[in-house]
Asks: 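Take a look at this one; I'll ask things after.
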Amino acid sequence: MSLIITQAQTSAAARRTSVAIEAVDLVKAFGPHRAVDGISLSVQAGTVYGLLGPNGAGKTTTVRMLATLIRPDAGQARIFGHDVVKDAHRVRQLIGVTGQYASVDETLTAAENLVLFARLLGQSRREARATAERLLEQFGLTEARNRPLKHFSGGMRRRLDLAASLIATPPLIFLDEPTTGLDPRTRAQMWDTIRQLVREGTTVLLTTQYLDEADQLANRIAVIDRGRVIAEGTPDELKSSVGRSSLHLTFANPEDVPRARAIVEAALGAQATPSPEGRRIIAPVADTSVVPDLLVALKAAGIDITELGVQKPTLDEVFLALTGHEAETADEGESA
Amino acid sequence: MQQTAFAVIPARASMATALRQSLTMAYRGLLKMRRTPEQLFDVTLQPIIFTLMFTYIFGGAISGNSQNYLPLVIPGILVQTVITASVVTGVQLREDMDKGVFDRFRALPIARIAPLAGALLADMVRYLLATVLIFAVGYLMGYHPRGGLAHVATAALLVIVCAFALSWIFAFFGVVARTAASVQGISMLILFPLTFLSNAFAPVNTMPKWLQVFVNVNPLSHLIAAVRSLANQGQATPDIAISLAGAAAIMFVFAPLAVRMYMRKA
């Protein structure tokens with residue numbers, strides 16, 4: 001009997017530590033508009049999970065429910081096994097939230113902000129000051145430490161915001177569009193920071209409307225449109241679930257192209273498209289295992305290949321295929 | 001390692017923690033006050049102007065001369081100004097809550113009451129500022145309260161405590177209202193009758209009977225009467241107890257209400 005209980009407890013504990021987020025049928029309506037219309041998610045601890053979707057798809061509302069900021073109208077969500085409604089105070093001790101707009105105090109300086117949050121989290125004055133210094137240095141904000149935030153650039157604000165989320169080193173971080181409105185260099189820095197967090201074992205739930213961002217960072221992606229998950233999987237799974245891969249071939253002699261095209265079309269059983277510059281052809285491949293035979297056939301015909309590649313479809317194409325409309329990249333000013 | 005962390009995390013913040021976090025939030029309020037001194041006009045310039053204006057305009061008409069009017073009007077202006085300042089608490093809370101930083105406060109594992117209580121506690125500094133200024137201006141104009149410094153200080157403390165209690169009403173409005181302007185609007189609607197239909201500026205027996213009925217039940221009349229007898233006669237009257245009981249009742253109702261609405265609101 002006692003053995004059974006022990007086993008049950010162990011497995012429950014194991015479940016708790018291996019699943020960071022478990023959401024079932026979350027619903028949130030604002031008036032007649034169902035912003036989130038039955039979203040279910042399961043996020044493994046130690047991974048980056050991407051919520052991908054256009055503006056107004058329900059990403060932020062989902063994150064706000066998971067982060068205990070708003071109550072779901074229906075459905076349930078657990079963070080490391082703790083219910084986000086019934087056990088909100090416990091959940092808050094396990095999460096860090098970085099919002100779309102900087103959730104730091106505009107009138108205070110960078111250092112004052114960090115000290116304030118550290119004090120609220122129970123650190124002594126001395127500890128709080130040390131934490132603030134460490135984070136300011138880690139995020140390259142030391143020089144700006146005593147400046148009020150109104151004089152901060154967008155990138156600095158985001159960095160400070162993320163720094164503030166890391167004070168208590170929570171095992172789960174919510175990043176709501178962490179790079180919206182940032183220039184490419186600052187965005188790359190943000191990506192590095194996120195990768196660093198994951199290396200240290202933090203679980204990250206990331207929302208983004210940038211397809212390449214989800215592709216770059218996330219282990220798994222849920223594509224969200226109009227409050228629903230319309231596809232879920234690894235970036236590779238998503239790509240292969242919609243588009244076929246395409247074969248790109250570049251030839252040494254442009255005059256070989258018509259002959260090569262005939263061989264390719266025969267081998268793949270599909271129409272190949274010559275590229276405008278005349279040395280390349282692109283053809284869809286349903287099954288990549290035929291490619292070696294094709295190469296042998298081309299070699300037998302005496303055609304020299306200078307470049308060869310199989311490309312999976314981009315997430316842009318995935319989105320178009322799944323929703324029937326393109327991912328709207330909204331004005332960055334508007335979403336800030 | 002994470003498992004041990006789960007075992008120790010508490011389900012809610014303790015009372016001591018809540019108090020400490022409220023004080024930290026109050027410290028934030030003071031930092032903000034230092035950064036935006038223009039928000040202190042209503043407790044600095046305004047009471048000075050009011051004291052001068054009321055004394056010299058109405059003093060002669062009501063009390064024969066402005067000198068005789070001072071013991072009547074200084075406690076009145078004090079209560080009116082400090083109570084009005086407690087409205088600003090609600091307005092500023094609304095403005096503050098619309099900013100992103102409140103999202104972080106909501107997502108932090110801190111006592112739910114701390115962001116509200118902190119803002120209200122910090123505003124006690126504003127009340128103190130107004131109180132000191134009004135007594136100082138009154139003193140310069142020739143108001144020498146016979147109750148002595150200790151009784152004046154007691155009166156000041158009474159006013160500040162009552163304003164803190166009252167500010168929970170406006171904090172509640174601040175939490176439920178949609179805009180800062182509407183908080184201001186609703187609050188003023190309540191405040192004008194309360195402060196002017198009282199014994200603050202004129203003796204009650206000069207008013208029509210039907211108005212006296214309201215003036216005499218108005219809790220602010222009791223507060224003003226308490227301040228007058230403390231400062232002018234050095235006497236503690238039952239008005240003190242009535243004022244404190246009223247303050248306690250208001251807090252008892254509105255503090256939990258404000259916190260609950262704050263928790264419910266997105």
Side-chain angles (χ1 to χ4, degrees), chain A residues 13-14 16-17 20 28 30 45 61 64-65 67-71 80-82 86-109 112-113 115-122 125 128 148-150 157 161 164-165 167-171 174 176 201, chain B residues 1-14 16-39 92 95-115 117-119 122 260 262-266:
Chain A
R16 280 212 309 218
T17 45
K28 183 75 193 179
F30 299 110
T61 310
R64 291 177 69 85
M65 283 190 280
T68 76
L69 290 170
I70 49 176
R71 277 163 193 259
F80 294 106
H82 300 288
K86 292 188 205 102
D87 225 352
H89 192 73
R90 281 213 173 89
V91 169
R92 292 186 189 113
Q93 294 168 73
L94 300 168
I95 60 170
V97 191
T98 291
Q100 242 178 80
Y101 36 86
S103 38
V104 278
D105 203 315
E106 295 283 314
T107 41
L108 306 190
T109 67
E112 282 168 349
N113 262 292
V115 169
L116 172 73
F117 296 128
R119 293 281 288 148
L120 284 173
L121 287 164
R125 210 162 298 203
L149 248 57
K150 354 182 208 265
R157 236 172 256 235
D161 205 14
S165 300
I167 290 170
T169 54
F174 293 103
D176 193 9
Chain B
M1 191 200 80
Q2 282 186 336
Q3 250 171 291
T4 48
F6 290 128
V8 296
I9 52 175
R12 55 180 51 83
S14 71
T17 315
L19 184 66
R20 198 178 47 72
Q21 287 162 346
S22 298
L23 290 175
T24 304
M25 291 301 288
Y27 173 70
R28 163 179 178 266
L30 294 182
L31 280 178
K32 282 169 73 87
M33 239 178 254
R34 216 176 57 190
R35 291 285 142 68
T36 47
E38 65 274 13
Q39 287 190 347
Q92 289 184 352
E95 281 172 355
D96 213 15
M97 278 177 61
D98 289 334
K99 289 179 189 140
V101 69
F102 257 74
D103 260 3
R104 186 174 297 284
F105 293 145
R106 280 195 206 97
L108 283 179
I110 55 174
R112 299 289 87 186
I113 198 172
R260 182 171 309 172
Y262 166 73
M263 283 164 72
R264 191 171 301 173
K265 264 216 144 167

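Residue numbers start from 1 in every chain, and the chains themselves are labelled A, B, ... in the order their sequence lines are given, proteins ahead of strands.
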Asks: Once rounded to the nearest 0.5 Å, what's the spacing between atom CZ of Phe102(B) and atom OG of Ser103(A)?
Replies: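 Going from the CZ atom of Phe102(B) to the OG atom of Ser103(A) covers 12.5 Å.
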Asks: How long is the span from the NE2 atom in His89(A) to the CD1 atom in Ile110(B), to the nearest 0.5 Å?
Replies: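 Output value for this atom pair is 9.0 Å.
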Asks: Can Lys32(B) and Glu112(A) be counted as an ion pair, charged N to O under 4.0 angstrom?
Replies: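 So Lys32(B) does not pair with Glu112(A) through a salt bridge.
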Asks: Could you look at Thr61(A) and say if it's the side chain, the backbone, both or neither that has a heavy atom under 4.5 Å from chain B?
Replies: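 Contact with chain B involves no heavy atom of Thr61(A) at all.
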Asks: Looking at Ser165(A), Gly96(A), Ala168(A), Ala67(A), which has the largest count of heavy-atom pairs under 4.5 Å with chain B?
Replies: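 Heavy-atom pair counts peak at Ser165(A).
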Asks: Roughly how far apart are Gln39(B) CD and Thr107(A) OG1, rounded to 0.5 Å?
Replies: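 Nearest 0.5 Å value for the CD-OG1 distance: 8.5 Å.
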Asks: Can you name the ring-ring contact (aromatic ring centres under 6.0 Å, His included) partners of Tyr27(B), sequence neighbours left out?
Replies: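 For Tyr27(B), no residue satisfies ring-ring contact (aromatic ring centres under 6.0 Å, His included) once neighbours in sequence are set aside.
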Asks: Determine, for Asp105(A) against Arg104(B), whether the closest basic-nitrogen to carboxylate-oxygen distance falls under 4.0 angstrom.
Replies: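 A salt bridge is absent here (no side-chain N lies under 4.0 Å from a carboxylate O).
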Asks: Measure distances from Ala88(A) to the heavy atoms of chain B and classify the residue's part below 4.5 Å as side chain, backbone, both or neither.
Replies: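 The answer is neither part of Ala88(A).
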Asks: Thr24(B) versus Leu116(A): any side-chain heavy-atom pair under 4.5 Å?
Replies: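 Thr24(B) vs Leu116(A): side chains touch.
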Asks: Using heavy-atom distances under 4.5 Å, tell me whether Arg119(A) contacts chain B through its side chain, its backbone, both, or neither.
Replies: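 Both the backbone and the side chain of Arg119(A) come within 4.5 Å of chain B.
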Asks: What's the shortest heavy-atom distance between Ala107(B) and Leu69(A), and which atoms?
Replies: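 Closest approach of Ala107(B) to Leu69(A): N-CD2, 3.8 Å.
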Asks: Any heavy-atom pair between the side chains of Leu108(B) and Arg92(A) that's under 4.5 Å?
Replies: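 No. Closest side-chain heavy atoms not under 4.5 Å.
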Asks: Which heavy atom of Arg20(B) sits nearest a heavy atom of Gly122(A), and at what distance?
Replies: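 Smallest heavy-atom distance, with atoms named: NH2-CA, 3.6 Å.
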Asks: List the steps, then state whether side-chain contact (heavy atoms from CB on, under 4.5 Å) holds for Val101(B) with Glu106(A).
Replies: CA-CA 8 Å; Val101(B) 69; Glu106(A) 295 283 314; over 6 Å; no
Asks: Out of Met25(B), Gln21(B), Arg35(B), which one racks up the most heavy-atom pairs below 4.5 Å with chain A?
Replies: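 The option with the most such pairs is Arg35(B).
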